[in-house]
Structures are given as structure tokens and as C-alpha cells.
2 protein chains.
Amino acid sequence: MEQNETQQYEDLLVKNGLKRTGARLQVLDILSHRESATSQPYLENVVGKEIDRVTLYRILKTFEEKGIIHRVLDNHGTANYAICSNSCSEHNHHDEHVHFNCNNCLRVYCLDDVKIPALKIEKGFQIADMNLVVSGICKDCNKAN
Amino acid sequence: MEQNETQQYEDLLVKNGLKRTGARLQVLDILSHRESATSQPYLENVVGKEIDRVTLYRILKTFEEKGIIHRVLDNHGTANYAICSNSCSEHNHHDEHVHFNCNNCLRVYCLDDVKIPALKIEKGFQIADMNLVVSGICKDCNKAN
DNA sequence: TTATTGATGCAATAATGATGCATTAACATT
DNA sequence: AATGTTAATGCATCATTATTGCATCAATAA
Ligand SMILES: [Mn+2]
Ligand SMILES: [Mn+2]
Ligand SMILES: [Zn+2]
Ligand SMILES: [Zn+2]
């Protein structure tokens, strides 16, 4: 964990009124360096000896609430998390980009450049959030064949 | 269960090479008469004394594979199922309409008229399926306040 | 009517996630 | 630096959704 990155994570925690604990810093560091969204099971596999399962769930939930990370359900219904790119804040997410779930490697990609198009839905339905998950075979897996 | 409806369900099963069992007919009947998508837990609550949990899961999986029903994950990651409207067949679904998950009543609506817009995503990603779940407050729940 | 094979029920297990409560550690205050 | 306060953690336990193995049963074909 580089020095100025650590500082950056600490600032992020403080800014959100969260104590800067080792577990939180570690989770932030891992999520920040991954190229795709990350599930609790994956994280547990990495830090399970150092951080308790429940703590991990709670950290992820807290981070999501604070707008530090956003949640994507993959095709198995498992939650995956990725760092929010820009302007998210407490209970105010702006991550309406498309996600891609590879059927082969199971990775969940944030397609940050692909926004979810506006929809015309029946009057009476009040939209709070939209989640578009595309599944198929990812770039890497296609290349590998 | 009306007589000609039963006949219709039996035909559907036979057409898909499935034996017409009481459990399957019952599941078809229930799903056909519901206005929103339905989860296994809901079904179990209704027919749990007559049909085993595991049988229910297997029926749903089989129906999905045959293109009789389609699966939608709600915001909790729980699978919900709805009858396929038209031209779905084995391993060949065409249910690319938007779904609406109410945060209040938790219902999952099939917005059959709202199609998922085409997307331009990076070359290399091969799309097999798309799922767009919109969450918010549904028509009924908005009315009720 | 019998044989075949698919379908079911039961028991057990897996995976993801939440809750209650005692203990610990981070931060503010003195 | 010591102390107090409150958030954060760890552990045990439980909940929910879903799957697997295997013996039994029943729907359809022969
Ligand atoms: Mn994302
Ligand atoms: Mn639908
Ligand atoms: Zn892949
Ligand atoms: Zn509602």
C-alpha cells in the first residue's frame, strides 16, 4: 500500500465520518486496484484470515451507503462492489453505467462509458434506480480462444 | 383450474418433452394468473404442503431452460419468474423487456412494452443476454398514498 | 401390463447474508 | 498522556435461497 494512496483512503474515510481502521483501509486498497467489480466471497478469500466475514459485509454495506462503492448483482444474485467513479455521496449514487457479467470468467465489468439510456415507462411508476447487466463473453475470454 | 386452460398447460408441457405432472400443472396455473413475476419462496408459501421445495426449484429451472418462463433477479438477488410472452423456446429466450422492482411492495413487474434499447459496447464483448431492472415505487404503491 | 425413464421427496449441504451482544479500538476531550 | 465516548469489530447464531445425491414413484411408451 503506497504512502500517498493510504493518505487518500484515510481522507475518504474521514470525509464520510468513518473511523480509519485497518480493515477499511485494506478493503479500499483492494477494491481500488481491481479492474472489475468484486464480491464479498472474493474479498473473504483474500483477507479472510485478517478480517471477519461479518466485518467485511458491514464494511461493504457502509461504503455503499456512503457512496464510496456501488453494488452490482451478478447473474447468480451475488453482490459485487466497485469504487464509485466520481460524484457519488451518501444515499446519492450516480453510477448509471452498464455492467457486463462474463459467463465464462464470471467477472463483472463496469462499463463506465456506457450509460443506461433513458426510458419511457408508464406514468405512475416512479424510478429511483436502474441496473442494466449485460451478460455474455468478455473481451479477455474471447481473446483467450 | 379451468378445463381448457389445463389442456393448454398440458400441451405446453408435451410440446417441450416434459411429463404432465400435477406439480407442473399447478405451477403453470399459478404463474399464468399472476400479474407480476413470482419467486420460489412465494410459490412455496402457496403450494408448500403439496409440492416439495426441491421439486419446485427443479420445475422452475426446467421451465426456464425450456423457454416457458423467464427469470428476473430482484434487488435482493432473489430469482423471480414470469411466463414468457411469445416466442421463447429451449435455450432461446426473447424477453428483453424492462422489469420494475418496487421498493415498497417488492413486486417485480414485466414491462412488456418497454424494450431494452440497443447498446454500443466495446468490441470484444460478446452479448448473450441483457437484464434491465428499474427500481422505485410502483403504480399501486404510489396510488395508495 | 410391464418396462423404461423422467419426476419427485427426503436428507443433507452450500452459499450469501443478517442479527445480537460482548469486547476492542479510534478519536475527542481533558 | 490519560480518560471517556462511541464506533467498529469478532464471535456465535440464525435466516434465506438454492443445490446435490439417492431412493422411490409415476407418467408414458412398448
Ligand atoms: Mn460499476
Ligand atoms: Mn418479464
Ligand atoms: Zn470473461
Ligand atoms: Zn409497489
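Within every chain, numbering begins at 1; the chains are lettered A, B, ... in the order of the sequence lines, protein sequences first and strands thereafter. Remember, predicted model here, so these are calculated numbers, not experimental data.
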Subject >> Heavy-atom donor-acceptor pair, B:Arg53 side-chain to D:dA18 base, under 3.5 Å >> reply: yes

Subject >> Pair B:Asp74 + B:Arg107: basic N to acidic O under 4.0 Å >> reply: no

Original post:
Closest to the A:Arg20 side chain: C:dC27, D:dT20, C:dT8?
Top reply: C:dC27

Original post:
What's the CG-P distance between A:Leu28 and D:dA8, to the nearest Å?
Top reply: 13 Å

Original post:
Mapping B:Thr78 and B:Val54 onto DNA chain D by nearest heavy atom, which one lands closer to the 5' end?
Top reply: B:Thr78

Original post:
Is any side-chain nitrogen or oxygen of B:Tyr57 closer than 4.0 Å to OP1 or OP2 of D:dT19?
Top reply: no

Original post:
Rounding to a whole Å, what distance do you find between B:Leu25:CG and D:dT28:P?
Top reply: 9 Å

Subject >> 5′-ward residue of the pair B:Leu73/B:Thr21 relative to DNA chain D >> reply: B:Leu73

Subject >> Touch class at under 4.0 angstrom, heavy-atom based, for A:Glu44 against every strand present >> reply: nothing

Original post:
Is a donor on one side and an acceptor on the other found under 3.5 Å between the side chain of B:Thr62 and the backbone of B:Arg58?
Top reply: yes

**OP:** Check whether any side-chain N or O of A:Ser39 sits under 4.0 Å from OP1 or OP2 of C:dT16, and answer yes or no.
**Re:** no

Original post:
How long is the line joining CG of A:Asn80 and P of C:dG17, in whole Å?
Top reply: 9 Å

**OP:** Provide, to the nearest angstrom, the distance between the CD1 atom belonging to A:Ile59 and the C1' atom belonging to C:dG17.
**Re:** 15 Å

Original post:
Rounding to a whole Å, what distance do you find between B:Asn16:CG and C:dG6:P?
Top reply: 15 Å

Original post:
What is the distance from CG of B:Leu18 to C1' of D:dA26, rounded to the nearest Å?
Top reply: 15 Å

**OP:** With heavy atoms under 4.0 Å as the rule, sort B:Glu10 into base, sugar-phosphate or nothing.
**Re:** nothing

**OP:** Remember a base hit wins even if backbone is also touched, and classify B:Arg58 as base, sugar-phosphate or nothing at under 4.0 Å, heavy atoms.
**Re:** base

Subject >> Interatomic distance where CD belongs to B:Glu65 and P belongs to C:dA7 [whole Å] >> reply: 11 Å

Subject >> Nearest-nucleotide 5' precedence on DNA chain C, A:Lys61 against B:Ala23 >> reply: B:Ala23

**OP:** Could you check how far CD of A:Glu50 sits from P of D:dG10, rounded to whole Å?
**Re:** 10 Å

Subject >> A:Glu96/A:Lys115 ion pair, N-O < 4.0 Å >> reply: no

**OP:** Kindly confirm or rule out a cation-pi arrangement of B:Arg34 over B:Tyr42, judged by NZ or CZ under 6.0 Å from the six-membered ring centre and within 45° of its axis?
**Re:** yes

**OP:** Over 60° means perpendicular and under 30° means parallel, so classify the ring planes of B:Tyr109 and A:Phe125, tilted if in between.
**Re:** perpendicular

**OP:** State which of C:dA7, C:dC27, D:dA18 makes the closest approach to the side chain of A:Lys19.
**Re:** C:dC27

Subject >> Among C:dT8, D:dA18, D:dC11, the nucleotide that comes nearest once only the side chain of A:Asp52 is considered >> reply: D:dC11

